[in-house]
Amino acid sequence: MTGNVRPETMERITTPALAQAFIDEQVRELQAQIGDKKVLLALSGGVDSSVVAALLIKAIGKQLVCVHVNHGLLRKGEPEQVIEVFRNQMNANLVYVDAVDRFLDKLADVADPEKKRKIIGAEFIRVFEEEARKLDGIEFLAQGTIYPDILESDGVKAHHNVGGLPEDLQFELVEPVKLLFKDEVRVVGKALGLPDNMVFRQPFPGPGLGVRCLGAITRDRLEAVRESDAILREEFAKNGLEGKVWQYFTVVPDFKSVGVKDGKRTFAYPVILRAVNTTDAMTATVEDVPFALLQHITRRITAEVENVNRVLYDLTPKPCATIEWE
Ligand code: XMP
């Protein structure tokens, strides 16, 4: 796709047939642009990078090299799903980088949320750069830039690019969905055969669970965030809230409270549940989750998640709270 302005005549992609026409056109354009050269893509497993990967696999197959960096801050099951869908099902050229210890070591003792974000962003670029240097003959860098990224900022949002790569690693950009809105990217993803839980997933911040494990990240609390988030997602899916609520997740603060289990005193972390609705993320209202479901989720989390003895529901809209806690 050339140019950064969506033509007024461009039809909104709302149906499988329109998505298929878009895919066919993109495949032709990508093949013409790339020829027999190689393309590199940072594949997080989010909707945008996954759709770009699937498009490129269709267009150029193994000339695409996907790099999936596991920074330890992903949700339960995400790295495994990326490997399953892209390597096993789509037969993609996928480099999986286990960078968990590296990220967690860098983040140890860092409590300031903005410092945490900077470390995660900078370390991501460093890991990606190291992987890029191991590969020969890469000429293009693919990115999951979408139209709101172009509208909202002068270039592309940090979580959609690996800008910041050194001078000698500047590649020509390939951005096949840069004129699409999110709902269109989802329709295209579905037409490309990506699984629903990848295509229709809720927004997930670039720093991932790192900003939901409050203060300085510790492995025990990070696991508590990951496990409780998995339970919340599972229960929302079972109870018809998955497609209804805009964003829902758990947060684990860095303090403990007293509890009691099997007749013994415990001293453990609380889990905070958050479920909000919004259209633009600038303001948000709290989902009115049925009380019985909140009680059921509380029972499951306190029974199944280690180091947790209390569950709270955040009733605060945005403003005055933000959606995330950090
Ligand atoms: P807040 O917390 O500001 O969040 O009300 C608004 C939306 O932005 C997401 N968010 C982020 N996304 N990198 C991202 O890619 C970040 O650092 C970040 N912080 C917040 C948040 O999940 C919500 O959807």
Side-chain angles (χ1 to χ4, degrees), residues 39-50 52-53 65-83 86-87 93-135 138 140-145 149 153 155-171 173 201 203-226 229 249 251-254 322 324-326:
V39 181
L40 188 60
L41 169 73
L43 175 60
S44 68
V47 187
D48 306 328
S49 66
S50 295
V52 167
V65 184
C66 302
V67 176
H68 178 66
V69 178
N70 181 358
H71 51 29
L73 308 169
L74 297 168
R75 286 171 291 196
K76 189 172 180 175
E78 283 185 331
E80 293 82 1
Q81 188 183 31
V82 167
I83 292 172
F86 291 98
R87 185 184 285 162
N93 204 343
L94 174 73
V95 179
Y96 169 79
V97 188
D98 179 347
V100 175
D101 288 339
R102 199 171 151 165
F103 275 81
L104 296 187
D105 288 351
K106 274 257 150 64
L107 287 162
D109 304 322
V110 181
D112 179 78
E114 291 317 310
K115 278 199 191 125
K116 285 164 69 176
R117 278 189 172 77
K118 281 210 181 87
I119 289 171
I120 295 165
E123 196 60 16
F124 184 87
I125 304 280
R126 224 162 284 143
V127 173
F128 190 73
E129 177 191 339
E130 284 173 19
E131 293 306 316
R133 288 198 191 285
K134 289 183 197 161
L135 301 162
I138 302 281
F140 295 90
L141 180 70
Q143 294 192 155
T145 312
D149 301 332
S153 57
V156 282
K157 246 193 259 170
H159 72 280
H160 277 315
N161 74 31
V162 268
L165 285 175
E167 276 291 299
D168 66 318
L169 272 184
Q170 294 299 324
F171 307 104
L173 289 184
R201 70 173 42 168
F204 188 58
L209 301 181
V211 289
R212 295 175 182 170
C213 182
L214 305 186
I217 296 170
T218 55
R219 287 175 195 247
D220 60 343
R221 286 189 306 113
L222 184 57
E223 276 323 296
V225 180
R226 195 173 350 253
D229 171 77
F249 54 87
V251 174
V252 175
D254 52 353
T322 48
E324 301 289 347
W325 271 58
E326 284 193 335

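Note that the numbering runs from 1 along the sequence shown for the chain.
Remark: Arg87 fails to qualify as a cation-pi partner of Tyr96 under the 6.0 Å distance and 45° angle criteria applied to the six-membered ring.
The CG atom of Leu222 sits 6.0 Å away from the CG atom of Leu73 when rounded to the nearest 0.5 Å. Separation of atoms CZ (Phe124) and NE2 (His71) is listed at 7.0 Å; rounding is to 0.5 Å. Distance check, rounded to the nearest 0.5 Å: CD1 of Ile120 to CD1 of Ile217 gives 5.5 Å. Distance check: Ile125 CD1 to Leu169 CG gives 11.0 Å after rounding to the nearest 0.5 Å. Considering CG of Leu40 and CD of Gln143, their distance stands at 10.0 Å, rounded to 0.5 Å. Atoms OG1 and CG, from Thr218 and Leu104 in turn, are 9.5 Å apart once rounded to the nearest 0.5 Å.
Here the side chains of Val252 and Cys213 are not in contact, with every heavy-atom distance at 4.5 Å or above. Counting heavy atoms from C-beta on, the side chains of Phe249 and Val225 never come closer than 4.5 Å. Residues Val65 and Leu135 form a side-chain contact, since some pair of their non-hydrogen atoms from C-beta on lies under 4.5 Å apart. Within the 4.5 Å cutoff, no side-chain heavy atoms of Phe204 are placed close to those of Ser44. Counting heavy atoms from C-beta outward, Glu326 and Arg212 have side chains that stay 4.5 Å or more apart. Using a 4.5 Å heavy-atom threshold, the side chains of Val211 and Trp325 count as separate.
When atom types are taken as modelled, the side chain of Lys116 and the backbone of Pro207 share no donor-acceptor pair closer than 3.5 angstrom. Between the side chain of Glu131 and the backbone N or O of Val97, no donor-acceptor pair lies under 3.5 Å. Under the 3.5 Å distance criterion, the side-chain polar atoms of His68 are matched with a main-chain donor or acceptor of Leu43. No side-chain donor-acceptor contact under 3.5 Å links Ser49 to the backbone of Gly144. Side-chain atoms of Asp109 never come within 3.5 Å of backbone atoms of Ala111 as a donor-acceptor pair (strictly under, hydrogens ignored).
Taking all atoms of both residues into account, the shortest heavy-atom contact from Ala142 to Leu41 is O-CD1, 3.3 Å. The two residues Phe171 and Phe140 have their closest heavy-atom pair at CB-C, 3.8 Å.
The salt bridge (Lys or Arg N to Asp or Glu O under 4.0 Å) test applied to Glu129 returns Arg133, not counting sequence neighbours. In this structure, the side chain to side chain contact (heavy atoms under 4.5 Å, CB included) partners of Asp254, at least two apart in sequence or on a different chain, are Arg221. A search for salt bridge (Lys or Arg N to Asp or Glu O under 4.0 Å) contacts involving Glu223 returns Arg226, not counting sequence neighbours.
Summarising the local packing, CG of Asp105 is surrounded by more than 12 heavy atoms from other residues, nucleotides or ligands at distances under 6.0 Å.
A salt bridge is defined here as a Lys NZ or Arg NE, NH1 or NH2 lying under 4.0 Å from an Asp or Glu carboxylate O, and Asp101 with Arg219 meets this definition.
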Verdict with supporting geometry, Arg201 and Glu78, salt bridge (Lys or Arg N to Asp or Glu O under 4.0 Å): CA-CA 11 Å; Arg201 70 173 42 168; Glu78 283 185 331; 3.4 Å; yes
